[in-house]
Amino acid sequence: GQQLNQSPQSMFIQEGEDVSMNCTSSSIFNTWLWYKQDPGEGPVLLIALYKAGELTSNGRLTAQFGITRKDSFLNISASIPSDVGIYFCAGVTGANSKLTFGKGITLSVRP
Amino acid sequence: DGGITQSPKYLFRKEGQNVTLSCEQNLNHDAMYWYRQDPGQGLRLIYYSQIVNDFQKGDIAEGYSVSREKKESFPLTVTSAQKNPTAFYLCASLEYPYGYTFGSGTRLTVV
């Protein structure tokens with residue numbers, strides 16, 4: 001079945017640093033999504049990407065939909081302590097399709 | 001405000017008991033989903049429903065059951081056949097192509 005690859009499982013950065021996360025797949029997706037999950041809560045949508053090559057920003061977050069439609073990256077600039085959490089990528093193939101999720105990257109930010 | 005409500009937030013189950021987790025949405029979304037989350041495992045799909053009175057098994061349906069009698073409601077029952085039910089359970093609904101909206105989750109613990 002389809003799988004999304006996110007690695008490493010955990011990342012540790014210093015407050016103020018930038019961080020980049022990749023998500024790759026062996027399958028093509030029509031939509032890429034990035035979610036953040038705080039402890040004990042449900043994931044919240046950060047950025048949605050709908051076209052190959054699309055680059056979208058949301059505050060300090062920037063994400064890109066890969067040209068091959070098999071990958072995406074998320075960049076967080078000037079990290080702050082509240083960026084701590086689990087970041088999931090997800091791909092969608094079509095209408096009413098269930099999402100395929102990566103296993104997530106746990107981000108820790110040292111003050 | 002539109003959203004997804006999961007209840008209860010915390011649930012304790014004795015060995016051999018069935019328990020039901022509630023999921024209600026007022027987003028008018030057709031498709032709803034149940035995921036299980038374990039540390040380091042990411043999100044695993046239990047069941048999903050694309051329309052009222054219809055649902056399909058996901059990747060880990062054994063020991064679980066669902067119903068979809070109303071568009072707004074998609075309850076999940078964790079049966080005594082589920083041997084390792086302690087986990088965080090997330091309900092979501094889908095509006096294509098915008099992605100999932102998640103509830104805030106239910107943490108189930110076997111005592």
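Order of the sequence lines sets the chain letters (A, B, ...), proteins ahead of strands, with each chain counted from 1.
Proximity to chain B involves both the backbone and the side chain of A:L99, based on heavy atoms less than 4.5 angstrom apart. With a 4.5 angstrom heavy-atom cutoff, A:Q9 touches chain B only via side-chain atoms. Residue contact with chain B, scored on non-hydrogen atoms closer than 4.5 Å, is absent for A:Q6. Only the side chain of A:N30 comes within contact range of chain B, with at least one heavy atom under 4.5 Å from a heavy atom of that chain. If you measure heavy-atom distances from B:Y100 to chain A, the contacts under 4.5 Å come from both the backbone and the side chain. Heavy atoms closer than 4.5 Å to chain A are found nowhere in B:I51, neither backbone nor side chain. For B:Q37, the part lying under 4.5 angstrom from a heavy atom of chain A is the side chain only.
In this structure, B:E62 places its CD atom where only 12 or fewer heavy-atom neighbours from other residues, nucleotides or ligands lie under 6.0 Å away. Counted within 6.0 Å of NZ on B:K71, heavy atoms from surrounding residues, nucleotides or ligands total more than 12; the atom is thus considered enclosed. The environment of NZ in B:K14 is sparse: at most 12 heavy-atom neighbours from other residues, nucleotides or ligands sit within 6.0 Å.
With respect to chain B, the highest number of heavy-atom pairs below 4.5 Å among A:A48, A:P43, A:S10 belongs to A:P43. For the set B:D59, B:L43, B:T101, the count of heavy-atom pairs under 4.5 angstrom toward chain A peaks at B:L43.
Grouping the Ile, Leu, Val, Met, Phe, Trp and Tyr side chains by contacts below 4.5 angstrom, directly or via other members, places B:V66 apart from B:Y33. If you chain together hydrophobic residues whose side chains sit under 4.5 Å apart, B:M32 and B:I60 fall into the same group.
Note that CG of B:L45 is 12.0 Å distant from CH2 of B:W34, once rounded to the nearest 0.5 Å. Summarising the geometry, atom CG belonging to B:L11 is positioned 8.5 Å from atom OG1 belonging to B:T109; distances are rounded to the nearest 0.5 Å.
In this structure, B:Q17 contributes its side chain and B:R13 its backbone to no donor-acceptor pair below 3.5 Å.
Side-chain contact check for B:S104 and A:E41: no donor-acceptor pair (N or O, by modelled atom type) lies under 3.5 Å.
The interface of residues 56-79 of chain A with chain B, defined by heavy-atom distances below 4.5 Å, is empty.
A centroid separation of less than 6.0 Å is found between the aromatic rings of B:Y35 and A:F101.
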